[in-house]
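Structure first, commentary second.
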Amino acid sequence: MDSAAAAPAPAPAGVLVGGAMMTPDKDIVDNAVNSKDHTTVVAAVKAAGLVETLKGAGPFTVFAPTNAAFEALPAGTVDGLLKPESKAKLTKVLTYHVVPGALKAADLTDGQELTTVEGEKLKVSVKDGKVMVGGATVTIPDVVSSNGVTHVVDKVLLPAKL
């Protein structure tokens, strides 16, 4: 048997998030829609009309809250943000989770301030190898997409000027 002819093409290396493999050949949105842990943020991105933006060239760094992070918000918050009349507020919340550029966890330093697409700053803290951004812990770092990097976080970040 000729082993060279039988070898399948290698799949792009990826990171398992929400039961799905996130691979660098897909953009941020195409990766996120496959994660069962990110259905709320995907619905929010759609409601805010940000799908095309986050499918754009970027690069972007996205701090993506899990469904559990959204569930931890006060009752009614998510439903209220997803209403059409709350689109501007929802857009502010979501763009507060996005930073221009492709920043991996190793690029983030303790005390660093990141200016978000929303305009306000997020403070980074790094302690004992654990990265936190704006008080949220990065639970899965460095999910590389074709147009940036996503870091899964355990808390929804809310801008001060909401």
Side-chain angles (χ1 to χ4, degrees), residues 14-22 26-51 53-55 58 60-145 148-162:
V15 177
L16 193 64
V17 178
M21 190 58 69
M22 308 286 126
K26 294 180 189 153
D27 64 46
I28 289 168
V29 174
D30 287 346
N31 268 323
V33 297
N34 293 316
S35 169
K36 64 177 175 43
D37 292 341
H38 289 88
T39 55
T40 304
V41 77
V42 168
V45 166
K46 289 177 181 175
L50 293 173
V51 171
T53 302
L54 290 175
K55 288 178 79 62
F60 306 106
T61 299
V62 177
F63 298 99
T66 60
N67 292 346
F70 279 100
E71 290 163 10
L73 291 171
T77 302
V78 174
D79 290 339
L81 285 171
L82 291 176
K83 289 181 178 170
E85 61 270 22
S86 298
K87 185 175 178 180
K89 191 180 277 191
L90 178 62
T91 299
K92 281 182 73 75
V93 169
L94 293 173
T95 56
Y96 189 61
H97 290 80
V98 181
V99 176
L103 301 171
K104 290 193 169 183
D107 301 323
L108 302 174
T109 57
D110 192 49
Q112 181 179 14
E113 286 193 337
L114 305 172
T115 301
T116 68
V117 170
E118 182 267 344
E120 293 182 51
K121 294 186 183 305
L122 284 174
K123 183 124 183 184
V124 176
S125 66
V126 181
K127 187 173 182 178
D128 300 327
K130 189 171 280 292
V131 177
M132 294 185 74
V133 180
T137 301
V138 174
T139 57
I140 303 174
D142 301 342
V143 180
V144 176
S145 295
V149 179
T150 301
H151 302 282
V152 177
V153 293
D154 65 353
K155 182 178 169 190
V156 176
L157 305 169
L158 297 173
K161 299 174 188 155
L162 193 59

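We're numbering straight along the sequence, starting at 1.
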Is a donor on one side and an acceptor on the other found under 3.5 Å between the side chain of [X] and the backbone of [Y]?
X	Y	result
T116	E120	yes
S86	L82	no
T61	G101	yes
D142	K104	no

How far apart are the closest heavy atoms of [X] and [Y], and which atoms are they?
X	Y	result
I28	G148	CD1-CA, 4.2 Å
A48	T91	CB-OG1, 3.6 Å
P65	F70	CB-CE1, 3.8 Å

Could you tell me whether the side chain of [Y] reaches within less than 4.5 Å of the side chain of [X], counting heavy atoms only?
X	Y	result
V98	L94	no
V62	V143	no
V126	T109	no

Return the [atom1] to [atom2] distance between [X] and [Y], rounded to the nearest 0.5 Å.
X	Y	atom1	atom2	result
F60	K55	CZ	NZ	12.0 Å
T66	H38	OG1	NE2	6.0 Å
K26	N31	NZ	CG	5.5 Å
T77	E71	OG1	CD	12.5 Å
D30	L54	CG	CG	11.0 Å
H97	T150	NE2	OG1	12.0 Å

| query | Any side-chain donor paired with an acceptor under 3.5 Å for N67 and T40? | reply | yes
| request: Answer yes if the ring centres of H151 and F63 are under 6.0 angstrom apart, and no otherwise. | output: yes
Distance-only check: which donor-acceptor pairs under 3.5 Å involve side-chain atoms of residues 128-139, not counting sequence neighbours?
{"residue": "T139", "atom": "OG1", "partner": "V152", "partner atom": "O", "Å": "3.4"}

| Which residues share a side-chain contact (heavy atoms from CB on, under 4.5 Å) with L16, sequence neighbours left out | M21
| What do the steps show when you test D107 against V149 for side-chain contact (heavy atoms from CB on, under 4.5 Å), and what is the final call? | CA-CA 11 Å; D107 301 323; V149 179; over 6 Å; no
